[in-house]
*Asks:* 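Before we start, here is the structure in question, set down as structure tokens.
Order of listing sets the numbers, starting from 1, for every ligand and every atom in it.
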Amino acid sequence: MDKTFEIGSKQFVLDKDKAEEAFAAKSVINGRQTEAFNLLPLKYQWAYELYRTMKANHWEPEDIAMGKDIEQWQSDNQLTDAERWIIRMGIGYFSAAEGIVGDNILHVIRELVTAPELKLVLGRHAHEENIHADSLLYMISSLGINPHECEAMFEQIPTIKRKNEFVTRVSHALRRDVDLTIAENKKLLAKDIFVFGQCMEGTQFYGLFGMILSLYRQNKFTGIGQMFRYTLRDESNHIELLRNLFMDLIEENQEIWTEDFREELRETMREAVALEKEFIEDCLPVNSLGLSCEDFIRYIDYIADRRLEGVGLSPLNPGVENPFPWLAEMMDISKEQNFFEGRVTEYQKTSALEVVSDDEL
Ligand code: FE
Ligand code: MN
């Protein structure tokens with residue numbers, strides 16, 4: 001007997017028994033191991049839909065004009081030292097952070113999950129980290145910044161080093177053959193997915209995102225700001241991807257969702273937030289851009305709690321409010337999908353597939 005599957009505008013007719021068997025063999029972890037990329041029948045529909053959304057958002061750094069940024073960077077009177085410092089910290093931190101995320105996606109998470117549609121969307125995620133890394137090269141070369149200086153920042157600024165160690169500590173523990181039938185190892189993977197998606201990409205990226213977008217709002221570094229807006233749009237999909245993956249992993253392995261484990265994850269977010277606050281103080285040694293360090297610190301508390309709630313964990317600071325309503329317009333969780341309404345990339349125009357609408361995400 002045959003069964004018809006519909007995916008977007010496409011239709012596939014599969015043998016019913018075989019399809020059901022293949023479907024049943026799919027799971028986030030410990031599913032059927034195969035080198036063949038058996039996407040059908042889709043079990044994790046969200047993963048395929050997110051893959052299509054991510055693909056429709058494709059961008060390349062060279063699409064963005066850097067002339068004005070270069071002029072400002074080279075001028076003697078258009079920028080303050082504090083503004084230049086934020087750009088240096090942004091380039092220095094993200095140059096390495098994007099690579100660390102891509103590496104964990106490709107060599108840890110994508111290696112350990114078994115359903116092909118999950119591997120598909122994770123492959124796209126890793127590629128987007130390549131694009132982000134490439135965009136930083138483009139910024140470095142456009143402004144004429146010494147790349148060794150960027151590398152040195154990552155190795156020598158203690159608050160950057162600590163953020164780095166916080167995430168790699170978890171991913172290194174999974175960089176081997178792990179037996180994912182053991183509850184402790186399942187927890188380790190769940191924690192890795194939580195740390196990278198909700199703590200790092202979801203929270204620790206947002207201090208600098210906010211600062212760079214506030215420069216952009218004042219017409220400073222508009223090329224860099226534009227690239228960060230594209231990056232931020234991508235990151236919001238990465239946060240959602242890793243949130244869905246985390247939720248499905250927990251759903252399929254409920255024995256790990258204990259009170260102790262939930263508390264461990266909240267404590268992990270507490271650590272991420274503390275590290276981000278120290279980092280923000282390094283980025284904003286003086287109050288500038290019309291933004292205070294205290295407001296940024298409160299903003300991080302606010303974002304972290306949204307991430308915790310997103311994965312069913314209780315907030316650390318219930319009732320904390322967003323101190324930057326204008327930033328919400330540009331990058332807040334519910335509006336991230338459509339802040340590009342005025343600019344549709346060529347890639348999207350030439351895509352044959354319909355785009356998943358905003359409210360489905
Ligand atoms: Fe990224
Ligand atoms: Mn990312």
*Asks:* Starting from the Fe ion (ligand 1), look over the N/O/S atoms of E98 and name the nearest one.
*Replies:*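 Of all N, O or S atoms in E98, the Fe ion (ligand 1) lies closest to OE1.
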
*Asks:* Knowing that exactly one of L112, V108, I29 qualifies, which makes a side chain to side chain contact (heavy atoms under 4.5 Å, CB included) with V178?
*Replies:*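 With V178 as partner, L112, V108, I29 yield a single side chain to side chain contact (heavy atoms under 4.5 Å, CB included), made by L112.
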
*Asks:* Tell me, which N, O or S atom in H238 is closest to the Mn ion (ligand 2)?
*Replies:* ND1

*Asks:* Hey, which of Q204, E276, E278 is the one that makes side-chain hydrogen bond (donor to acceptor under 3.5 Å, both in side chains) with K163?
*Replies:* E276

*Asks:* Measure from the Fe ion (ligand 1) to every N/O/S atom of E129 and report the name of the nearest one.
*Replies:* OE1

*Asks:* Among the clusters formed by ILVMFWY side chains lying less than 4.5 Å apart, do M200 and L106 turn up in the same one?
*Replies:*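 Different hydrophobic clusters.
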
*Asks:* E184: what forms a side-chain contact (heavy atoms from CB on, under 4.5 Å) with it, not counting sequence neighbours?
*Replies:* I182, K187

*Asks:* Please give the atom name: the N, O or S atom of E129 nearest to the Mn ion (ligand 2).
*Replies:* OE2

*Asks:* What atom name does the N, O or S atom of E201 nearest to the Mn ion (ligand 2) carry?
*Replies:* OE2

*Asks:* If I consider every N, O or S atom in H132, which one ends up closest to the Fe ion (ligand 1)? I only need its name.
*Replies:*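 Of the nitrogen, oxygen and sulfur atoms in H132, the Fe ion (ligand 1) lies nearest to ND1.
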
*Asks:* Specify which N/O/S atom of E235 comes nearest to the Mn ion (ligand 2), by atom name.
*Replies:* OE1

*Asks:* Centroid-to-centroid, F228 to W59, below 6.0 Å?
*Replies:* no

*Asks:* Hey, could you give me the CG/OG1 distance between L308 and T203, rounded to the nearest 0.5 Å?
*Replies:* 7.5 Å

*Asks:* From the N, O or S atoms in E235, identify the one nearest to the Fe ion (ligand 1).
*Replies:*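 Answer by atom name: OE2.
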
